[in-house]
Structures are given as C-alpha cells and as structure tokens.
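Presented below is the structure to which this report refers.
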Amino acid sequence: MTDRKPRPRPVPQKPTTKGSVSNENGSKTPCEFSSRCGGCTQVHIPYGEQLKRKQSAVEKLLSGICKVEPILGMSDPWHYRSKVHAVIGTDFKTKQPVSGVYQRGTHRVVPVQGCLIEDPRADRIIQTIVGMIPRYKLRIYNENTHRGFLRHVMVRTGHHTGQIMVILVATASEFPGGKAFVAELTEKHPEITTVVLNVNQKETSMVLGSRDYALFGPGYMEDELLGKRFRISPQSFYQVNARQTEVLYQTAIDLANLTGKETLLDAYCGTGTIGLCASDRVQRLIGVELNADAVRDAKVNAKLNRVTNADFICEDAGRFMVRLAKEGRTPDVLIMDPPRSGSDERFLRSVLTSGPKTIVYVSCNPETLARDARFLVKGHYTAVKAVPVDMFPHTEHCECVMLLQRDAAPGSQSS
Ligand code: SAH
C-alpha cells in the first residue's frame, strides 16, 4: 500500500480540445454536445465554482450532523472517465455509421466525438471501429426493428496499467469476419490488451448481455489502486474515475485510523477494492456484497494481491449484519459504501446492536448519507466529520466520506 495522500484543492484547468460554444440555454459551455447528451449538466460552470456549489450543497444536507471539510477536487478535471460507452447507430442524414448517445427519449443516436470527460484513448478506438464498419459489412443494430448485429462499443482503460479492454456488444456470438476485424483493430491500436464479444439479444436498455467471448487477449483487464491490483471483467463494477478513487479510498482508510489489530467489515464491498486496499493495515478483513459476480471478483482480487486475511461473503448486507449482531461478533471498524439509495433500516439497526467502534460511511449520495447518519446519531454514534470528494466533475454528483464514532457507554472507559 502506498501512503498517497488526498490531493490538495484543485487548480481548475481549461479543456484541451475545444473552445467554448453556447448551449441551448444561451450559456457558454466548452462542450458542443452537452445539451443533447445530457451527461455533464455542470460543464458550463467554471470548475472552481462547481466545487463551491458541491461544498455548500453537502454542508446544507449535513448541517446539524457534523462539520464538513473542504471538498477534494481534481487538479485536472478532464478526461477522467475510464469506462466509455458508445451507442453505434446510423446517422439520420448521411446514413453513415456513427457513435454517440441516444437523444433523450428517442432511439436516435446523437454523434459525440471528443468528449471532454472520457479517456481520449477510448474515443480514438471507437472512431476507428466506426470507420471499419462499412468495409466489414457489419450490420448496425436498429432499436426500432431490433434487427442488426453491432449495438454498442464499450472501452475500459486502466489508469495505472494502461491496459485497455474493448467490448463489442452484438446480437449474436457468430461474428463473420471477426478474426480479420480484430486483427486490424489491434494492429491499428496496439495499446488494446483484450477484445471481448458480449452478446445481448434482449430488447432492453441494459448495455451488456450476460455472455462474454474473448476474441483477443485474456477477456479481462487489470488496474491498480493504492498499490493493489484489481481484475476488471466486462461485467465488473469498478469506479470510473481512478485518480479520484484513490483519493476517496485513501480518505476512507485514513479516517478509519487502523492500527493493524482490527477486524474490518467492508460492507457493500463490490469487488473488494476498499477492503483490499486497507488489508495490510488490519488483522482481518470481511467483505459482504449481494452481487455474486462481484464476490467472485473480490476473491480473485484477494489472491492476485496475495491477501490471506480476507473473506468475502455473498449476502444481503443487512441480513449479514443481523447475523453478526446475534452472534455477538462485532467488527472493530465498519466501512460501508452502499448504492445511491443508501443503507436500509435492518442494516443500520444491527449496526446499532453490534456497535462497531468506528464507522466510515462512503456515500455517492449525500441525501441518503444524511438520512442514515441521522439514524446512527440518534442511536449511540457521534458524526465526527465528513469529507466531500469530487469523483464526477462537470456532473451534479458528489461523493462524501463520513467518520462516525461510537459514544462511550455510560460507565465504560472511552479509549
Ligand atoms: N465499495 C465498492 C462498491 C460500491 S457500489 C467500490 O468502491 O467499488 C455498491 C455496492 O453495493 C454494489 O456492488 C452493489 O452490488 C452492492 N449492494 C447493493 N445492495 C446491497 C445489499 N443489500 N447488500 C449487499 N450489497 C449490496
């Protein structure tokens, strides 16, 4: 584990690729696609101002609960997205293949190139693929008729390893001309380390289907966070902003104040990333996660890093917490990172029953964080402080880490 500290407050920089244009509301924006794409709702606001707004929004939500430290923003808030998804469609006017996003509420693909938040390596690969489509006579999927072959391209890039996984989402596992297609693609982009064919035959808005076939390379990629290596399969959840994920995890681990003697429960652990990054600093790590694929990845990740003090359990976090509380097995430290909807009462009640000394709540939604923190504070916890972390510049989302500590029971010694 490295002792990388969270970055200092940001020095906002200008995007490198485009000048500013006016959006449909008449305000200046550096992105010409923002109003149609709908992803970066804040891109017209200077980055420093975005951070101020996020800071005050979090302060407002957490007022009366705890103090809020200054938000940790990015020094360079552009091109941070490591998972890039492009819909493949046909241009309405030119009838040529295009990549982009669906125009809101329609099946029409709005071409997007040179996105300011996505990794530019992904953009270049997607443009190459679009250019190759006519020569290989790939039939583009039509959302209205549900016919055609190629639906989406997803590119995932490793921040530290530089590995790149290209996922071609298609309606069939037979890919006529596939070998030559992949040979040309990987020759043009030697930086690609694996190409996967994902089959999605469903009439659904879900991008990925359940079947993956490796066409080139191992069928997965790896990246590193805080000195630990993680396997990323096409279906794996992995934070999309690796630079800020390290800031987020380091903040959470620092707040947990680990000494090496603790049992750490990483609840809602996904592929085990937070817990494994902290595993050198605890005696025992238990991860709990509902998604079986993520648990399988977490076990692989533990092996990959030769972590031997970790167990990963596939169960609803609330049920697991109830069991721990009943058995009187209290973790010393709980790091919890629930989805946007927050935790549930069953989980939080069992936290109050079992009473870990320290809770570090990692939240991607300050509203549900405020709700859950109030519940814990009404029990016997004190919310000490919260640190907002900007994982998604130019969007309205804000991540937040909160430290809560168990109050000393009356008559007991506080340590
Ligand atoms: N800590 C991880 C993942 C956070 S995302 C990381 O930083 O990468 C939230 C995770 O909670 C998802 O993996 C989701 O599958 C899991 N989850 C959602 N509901 C759950 C529940 N009731 N019990 C356990 N895990 C749950």
Side-chain angles (χ1 to χ4, degrees), residues 80-83 156 158-159 206 208 210 221-226 228-253 255-256 264-279 282 285-302 304-305 307 310-325 331 333-351 359-366 368-369 372 387 389-392 397-402:
Y80 60 81
R81 258 196 90 93
S82 63
K83 179 169 150 182
R156 301 183 76 166
H159 176 60
M206 296 286 286
L208 295 179
S210 55
M221 57 176 277
E222 288 177 0
D223 197 19
E224 280 174 20
L225 292 170
L226 299 178
K228 291 276 188 283
R229 215 164 167 91
F230 296 101
R231 177 178 293 191
I232 305 162
S233 310
Q235 320 269 349
S236 301
F237 176 83
Y238 187 73
Q239 297 280 1
V240 297
N241 182 346
R243 278 181 273 161
Q244 284 300 86
T245 301
E246 290 193 316
V247 174
L248 181 77
Y249 288 3
Q250 190 66 65
T251 303
I253 293 166
L255 287 177
L264 166 67
L265 175 63
D266 179 5
Y268 309 89
C269 70
T271 55
T273 40
I274 301 181
L276 289 170
C277 285
S279 60
V282 298
L285 162 67
I286 306 169
V288 62
E289 159 65 46
L290 197 56
N291 181 308
D293 290 339
V295 173
R296 192 201 53 215
D297 287 345
K299 289 179 179 168
V300 168
N301 287 332
L304 203 62
N305 292 288
V307 171
D311 285 306
F312 291 97
I313 289 140
C314 185
E315 192 171 344
D316 169 75
R319 281 183 56 173
F320 182 72
M321 239 5 250
V322 171
R323 204 144 56 79
L324 279 193
V333 178
L334 164 67
I335 296 185
M336 54 187 286
D337 182 13
R340 285 188 62 73
S341 52
S343 194
D344 55 27
E345 229 173 277
R346 174 159 65 170
F347 182 90
L348 295 172
R349 276 191 197 290
S350 328
V351 170
I359 301 174
V360 177
Y361 193 137
V362 180
S363 163
C364 53
N365 182 352
T368 51
L369 170 66
D372 294 350
V387 186
V389 180
D390 191 21
M391 298 280 283
F392 307 105
H397 299 293
C398 189
E399 229 28 64
C400 203
V401 190
M402 184 186 280

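Whatever order the structure lists them in is the order used to number ligands and atoms, beginning at 1.
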Indicate the ring-plane relationship of Phe230 and Tyr238, choosing parallel, tilted or perpendicular according to the 30° and 60° boundaries. tilted
Can you list the ligand 1 atoms lying under 4.0 Å from a non-hydrogen atom of Glu315? 23 (N), 24 (C)
Quick check: does any side chain N or O of Asp311 sit under 3.5 Å from a backbone N or O of Ile286, one acting as donor and the other as acceptor? no
Please confirm whether the backbone N or O of Val295 pairs with a side-chain atom of Glu289, one donor and one acceptor, at under 3.5 Å? no
Atom 25 (N) of ligand 1: the protein heavy-atom neighbour that sits closest, reported with distance to 0.1 Å: Leu290 N, 3.1 Å
Of the protein's non-hydrogen atoms, which lies at the shortest distance from atom 23 (N) of ligand 1, and what is that distance? Ala317 N, 2.8 Å
Does an N or O anywhere in Gln239 fall below 3.5 Å from an N or O of ligand 1? yes
Here the atoms of ligand 1 under 4.0 Å from any heavy atom belonging to Asp316 are 21 (C), 22 (N), 23 (N)
Near Thr273, which atoms of ligand 1 are under 4.0 Å from a heavy atom of that residue? 6 (C), 7 (O), 8 (O)
Would you find a donor on one side and an acceptor on the other, under 3.5 Å apart, between the side chain of Arg229 and the backbone of Glu222? no
Location of contacts on Tyr249 toward ligand 1, heavy atoms closer than 4.0 Å: side chain
If only side-chain N and O atoms count, and only distance matters, is there a donor-acceptor pair under 3.5 Å linking Asp372 with Ser343? no
Closest to atom 11 (O) of ligand 1 among protein heavy atoms sits Tyr268 CB, 3.5 Å
Between Asn241 and Met391 (side chain of the first, backbone of the second, donor and acceptor by atom type, cut-off under 3.5 Å), is there such a pair? yes
Taking a cutoff of less than 4.0 Å between a non-hydrogen atom of the residue and any ligand atom, is Tyr238 in contact with ligand 1? no
Taking everything shown except Arg346 itself, do over 12 heavy atoms lie less than 6.0 Å from its CZ? yes
Which ligand 1 atoms are under 4.0 Å away from a heavy-atom of Phe237? 3 (C), 6 (C), 8 (O)
For atom 9 (C) of ligand 1, find the nearest protein heavy atom and state the residue, atom name and distance (0.1 Å precision). Asp337 O, 3.4 Å
Look at ligand 1 and say whether Ala294 reaches it with a heavy atom at a distance under 4.0 Å. no
Audit row: Tyr361, Tyr268, ring-ring contact (aromatic ring centres under 6.0 Å, His included) steps and yes/no: CA-CA 11 Å; Tyr361 193 137; Tyr268 309 89; 8.3 Å; no
Shortest protein heavy-atom distance from atom 12 (C) of ligand 1, along with the residue and atom involved: Glu289 OE1, 3.5 Å
Evaluate the side-chain proximity of Glu246 to Gln250: yes if any heavy-atom separation is below 4.5 Å, no if none is. no
Nearest to atom 18 (C) of ligand 1, what protein heavy atom do you find, and at what distance? Pro339 CG, 3.6 Å
